[in-house]
Amino acid sequence: MQRAAKRFAAAIGIALVLFAIVVRVSRPSKNGPGPIARATGGEATPTATPIPAGKGRPAIVFFVDAEGQGLVARRTEVTPIADPSMQAKAILDAMVAGPAAMPPAKPGELVSESLPSIPAGTVVRAVFFDGKGTAIVDLVGLAERLGGGSDSEVLALWAVVDALAFNFPVDARRVRVLLDGREAESLGHVSLATPLSPRRDLVIGEVPSLAIPIANGQSEPIEEDDGPSPFDDLVPMAP
Amino acid sequence: MTFLERLASGLPILTDGGTGIERRRRKCGAADVHAAFVAAGVDVIVADSIAVAGLAVTDPARGAAALADAVAIARASGAPFVAASLGPSGPGVRDATHRRELYGALAAAAKEAGADVIFAETLLTFFDADAALDAARAAGLPIAVTFAFSREGKGYAGLQAERTAQWAQGCGPDAAGFNCGEDPEATLAAFERWIAALVPPRPWLTKSNSRPPGAFRPAAGTSTPERFAVIGAHAVALGARIVGGCCGATPDHLAALVARVRAG
């Protein structure tokens, strides 16, 4: 009986520590994220807890179309996080989890078949925003998991770049990609020597709006949607 | 006939095209792609191993095993020659010793697996080129070294086409040149700059894309097998002794190139 009580007390203690960590990570800093905001973390969890309808933060994620000929955008919801870097990491984690981990389509929502854009097992270790329009993302294990030649490199890289640019149009006008914590000259075929700009030409079809539907049939843009679309100047790819 | 004997014969050697992209397009394994390229008439099948150098950075044994598997699959295609493809080492290399160790392990694995030649491809730095060259020599395999360049004739890491020509002159790989880059015209332009700077000549190699990476819908007429073959045959006329394809170059592209080159 005494042993059981000790186990119960230990379990309560662990739960309290975990709760404190979660609160600490999720709580916005009194001073805001500062000029360089950073999020770090481990491997994405494909079986994330479902977010109750209407409680999530709208996000646009990019997967590969069923024919492997471009990217397709999909609107989803992720857990709202005040820190923009942690929020960005959560969005990229959802992409690593792949289309199979996406919530089922809502009635009337047209969702085309798609393939993962970022190989499973890739870790989004960190996202930074430099405050000058460049996001920096550190991807661990991407290069060794890619197959399919340079097209796969292009699709994986610009899935990340377009997702950050679309969800954070002011803070991620460009994206610098680090591999395994280091600056890299290339991913194999694609140069990483300079920050990458978003590419609408790789996206097949429309990109859903980030606006949140409200009761009267209108919609309300979310905070990050105030800036211009990163794709405004680019010609879309014909479907 | 060994690969070097064939190279010395002066007859153009035709390599295959973009295996990774073709695997993706056909949704099949490397063996099926190799078979399609062999049917197109190429002389060299390049093992689907360009990524193993990056893999070997963290796990040399795993990288060597993956290379051996890829060479075995290529060997089974029945092609006259099999090249082990080694790509850039990537950002995880700690220092020069580490780089030499990983290329050394891979070259030894290529020799053990029965490769006829090493193609060190899409290289961006002389660090990787030097290490791959030394590793191939230590393993007793011939080596062809190719660099990737943009349309402006610049490598991603800042290399100029002329500098790579000087490197080839000084270091003496069995063949050297370009692969990948952007499209056939861009690769040809870099190749022309390169041979203009190269005295005396040595066997040149060009393996061009049929289209830029990720250009899934190239402008009409820009990536046809016919256009690819015309440009490849022009490289042969300029002196290239090894010619083939890279990203987006399908068996149809290679069949057109083989027919045009062999027709003289």
Side-chain angles (χ1 to χ4, degrees), chain A residues 64-72 115-117 119 121 138-159 161-162 176-194 196 198-204 235-239, chain B residues 17-27 29-30 33 48 50-59 62-63 66 85 87-94 121-125 127-128 148-150 154-159 179-182 209 211-218 246-249:
Chain A
V64 174
D65 88 298
E67 297 303 315
Q69 297 294 297
L71 297 171
V72 289
L115 305 168
S117 50
D138 181 11
L139 301 172
V140 177
L142 173 62
E144 68 189 56
R145 288 178 171 81
L146 275 174
S150 56
D151 284 350
S152 294
E153 295 177 22
V154 167
L155 293 173
L157 285 171
W158 268 279
V161 172
D162 286 359
R176 183 71 193 254
V177 178
L178 308 182
L179 299 179
D180 303 333
R182 301 177 188 217
E183 292 185 350
E185 285 124 6
S186 85
L187 185 56
H189 297 82
V190 180
S191 174
L192 298 178
T194 56
L196 304 174
R199 284 184 58 177
R200 177 68 174 91
D201 64 306
L202 289 173
V203 182
I204 297 171
V235 178
M237 179 195 280
Chain B
T19 300
I21 288 179
E22 196 62 8
R23 280 182 61 179
R24 184 185 182 92
R25 190 173 75 91
R26 294 172 175 236
K27 297 182 172 66
V33 176
D48 189 20
I50 193 166
V52 298
L55 187 62
V57 169
T58 51
D59 191 340
R62 197 168 146 225
S85 170
S89 60
V93 173
R94 292 189 300 274
E121 302 187 292
T122 328
L123 297 190
L124 307 170
T125 69
F127 300 119
D128 283 351
F149 283 87
S150 70
K154 291 180 181 175
Y156 301 148
L159 286 183
N179 78 296
C180 195
E182 293 190 16
N209 295 350
R211 57 170 173 75
F216 297 102
R217 289 161 177 76
C246 195
C247 306

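A, B, ... follow the sequence lines: proteins, then strands. Residue 1 opens every chain.
- Using a 4.5 Å cut-off between heavy atoms, B:Arg62 touches chain A through its side chain atoms alone.
- Proximity to chain A (any heavy atom under 4.5 Å) is restricted, for B:Thr58, to the side chain, taken from C-beta onward.
- Considering only heavy atoms from C-beta on, A:Glu153 stays 4.5 Å or farther from B:Pro213 through its side chain.
- Within the 4.5 Å cutoff, no side-chain heavy atoms of B:Asp128 are placed close to those of A:Glu185.
- Distance CZ/B:Arg211 to OG/A:Ser150: 7.0 Å, rounded to 0.5 Å.
- Using a 4.5 Å heavy-atom cutoff, the side chains of B:Ile50 and A:His189 are in contact.
- Using a 4.5 Å cut-off between heavy atoms, B:Val33 does not touch chain A at all.
- Atom CG of residue A:Leu71 and atom CZ of residue B:Phe216 lie 7.5 Å apart, to the nearest 0.5 angstrom.
- Both the backbone and the side chain of A:Leu179 come within contact range of chain B, with heavy atoms under 4.5 Å apart.
- Put simply, the side chain of B:Arg217 gets close to the backbone of A:Gln69: a donor and an acceptor are under 3.5 Å apart.
- One distance of note links CD of A:Glu67 with NZ of B:Lys27; it measures 5.0 Å at 0.5 Å rounding.
- When all heavy atoms of A:Arg199 and B:Gly214 are compared, the closest pair comes out as NH2-O, 4.1 Å.
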